[in-house]
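Have a look at the structure below before the remarks.
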Number of protein chains: 2
Amino acid sequence: MNTAFKALSDPTRRRVLELLKQGPRSAGELADQFDVSKSTMSAHFAILREADLVMSEKQGKSVVYQLKMTVLEDALLGFARAFGWELTPTQTSEDKT
Amino acid sequence: MNTAFKALSDPTRRRVLELLKQGPRSAGELADQFDVSKSTMSAHFAILREADLVMSEKQGKSVVYQLKMTVLEDALLGFARAFGWELTPTQTSEDKT
DNA sequence: TCGTTATTTAGCCAAACGTCGAATTGTTGT
DNA sequence: ACAACAATTCGACGTTTGGCTAAATAACGA
């Protein structure tokens with residue numbers, strides 16, 4: 001859970017997760033949305049992977065990333081509950097994993 | 001909001017906030033709960049202050065810290081909403097500020 | 001005014017972070 | 001086999017972080 005919070009402490013990585021919320025994206029597609037080098041982005045991906053917040057799958061020449069919603073939820077929830085909050089879903093088209 | 005996430009990325013600081021959830025505490029009282037020097041703790045407090053997650057008030061020789069619940073809530077909520085979650089209070093003795 | 005207590009500031013260090021360009025690995029099409 | 005493309009790995013760099021000790025500041029009580 002600490003790795004998750006560390007991962008969330010960077011705005012770039014938070015935005016990556018938000019993009020991934022819409023659905024799976026390749027490393028390149030994601031990187032195109034940011035103003036840093038691909039290798040920098042690759043490092044960010046590694047941190048997100050290490051925190052188990054995303055899954056990666058090689059598809060042809062690309063690597064496709066996918067958000068692990070439940071892991072993100074658990075991390076947030078674990079903290080929120082310590083402060084007397086619950087995390088309830090607002091009606092939205094639900095995503096997988 | 002980024003300062004808030006940065007502040008939350010350290011486990012010591014998260015635990016400080018949890019302690020503060022129970023009510024106001026002096027710098028010394030808080031520091032006693034941790035295995036690091038008082039000056040190190042003072043640095044953590046400064047980061048929490050900078051992120052506006054806590055208020056500090058000099059009371060005699062002590063400095064009393066208090067959690068700014070609404071600020072914490074807003075930071076968390078802002079992020080959670082991007083993922084289709086709402087932050088709802090579970091029944092608990094409510095705290096101030 | 002002194003000495004004690006409480007906290008912060010200053011100065012330092014090692015480790016971690018975010019970034020880059022260059023080199024490397026893996027996959028596809030010719 | 002080779003060239004083109006996608007992504008990661010590999011140093012290198014400057015900055016930030018978390019930790020320390022020692023010194024400075026602030027408030028009290030005797």
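Every chain is numbered from 1, with letters handed out A, B, ... down the list of sequences. Keep in mind that the numbers below use all heavy atoms, side chains included, and drop hydrogens, waters and symmetry copies.
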(request) Mind calculating the distance between CD (B/Gln59) and C1' (C/dT5) to the nearest angstrom? (result) 16 Å
(message) Are A/Phe79 and A/Leu17 linked, directly or through intermediate hydrophobic residues, by side-chain heavy-atom contacts shorter than 4.5 Å (ILVMFWY only)?
(response) yes
(request) Find the distance B/Glu50:CD to C/dT9:P and express it as a whole number of Å. (result) 12 Å
(message) Could you check whether A/Lys38 pairs with A/Asp32 (Lys NZ or Arg NE/NH1/NH2 to Asp/Glu carboxylate O, under 4.0 Å)?
(response) yes
(request) State whether the side chain of B/Arg15 and the backbone N or O of B/Asp10 hold a donor-acceptor pair below 3.5 Å, judged by distance alone. (result) no
(request) Starting from P on D/dT17, measure out to CG on B/Asn2 and report it in whole angstrom. (result) 10 Å
(request) Taking only the side-chain nitrogens and oxygens of A/Tyr65, find out if one of them lies under 4.0 Å from OP1 or OP2 of D/dT8. (result) yes
(request) Quickly work out the A/Phe34 CZ to D/dA7 P distance and round it to whole Å. (result) 14 Å
(message) Nearest to the A/Phe45 side chain among D/dT17, C/dT8, D/dT8, which nucleotide is it?
(response) D/dT8
(request) Report the residue (A/Lys58 or A/His44) whose heavy-atom-nearest nucleotide on DNA chain C is the more 5′ of the two. (result) A/His44
(request) Using a 4.0 Å heavy-atom cut-off across all strands, classify A/Ser26 as base, sugar-phosphate, or nothing. (result) sugar-phosphate
(request) Specify the separation, in whole Å, of atom CZ of A/Phe5 and atom P of D/dT17. (result) 18 Å
(message) Can you identify which nucleotide, out of C/dT19, C/dT8, D/dA27, has its nearest atom closest to the A/Thr40 side chain?
(response) C/dT19
(message) Please report the distance, rounded to the nearest Å, between CD in B/Glu57 and C1' in C/dT8.
(response) 17 Å
(message) Rounded to whole Å, how long is the line connecting atom NZ of B/Lys6 with atom C1' of D/dG18?
(response) 14 Å
(request) Look at the side chain of B/Ser39 against the base of D/dT21 and say whether a donor-acceptor pair falls under 3.5 Å; ignore hydrogens and angles. (result) yes
(message) Go nucleotide by nucleotide along DNA chain C from the 5' end; which of B/Lys61 and A/Gly60 gets its closest nucleotide reached first?
(response) B/Lys61
(message) Categorize A/Ser62 for me: base, sugar-phosphate, or nothing, with a 4.0 angstrom heavy-atom threshold over every strand shown.
(response) sugar-phosphate
(message) Does a side-chain N or O of A/Ser37 approach OP1 or OP2 of C/dT19 to a distance below 4.0 Å, or not?
(response) no
(message) If hydrophobic clusters are built from ILVMFWY residues whose side chains come within less than 4.5 Å, do A/Leu87 and A/Met1 share one?
(response) yes
(message) What's the closest nucleotide to the side chain of B/Arg49 if the choices are C/dT19, D/dT17, C/dT8?
(response) C/dT8
(request) Could you please name the option among D/dG19, C/dG18, D/dT8 that lies closest to any side-chain atom of A/Asp10? (result) C/dG18
(message) To the closest 0.5 Å, what do you measure between CZ (B/Phe34) and OG1 (B/Thr12)?
(response) 6.0 Å
(message) Just the rounded figure in Å: distance from C1' of D/dT16 to CD1 of B/Ile47.
(response) 10 Å
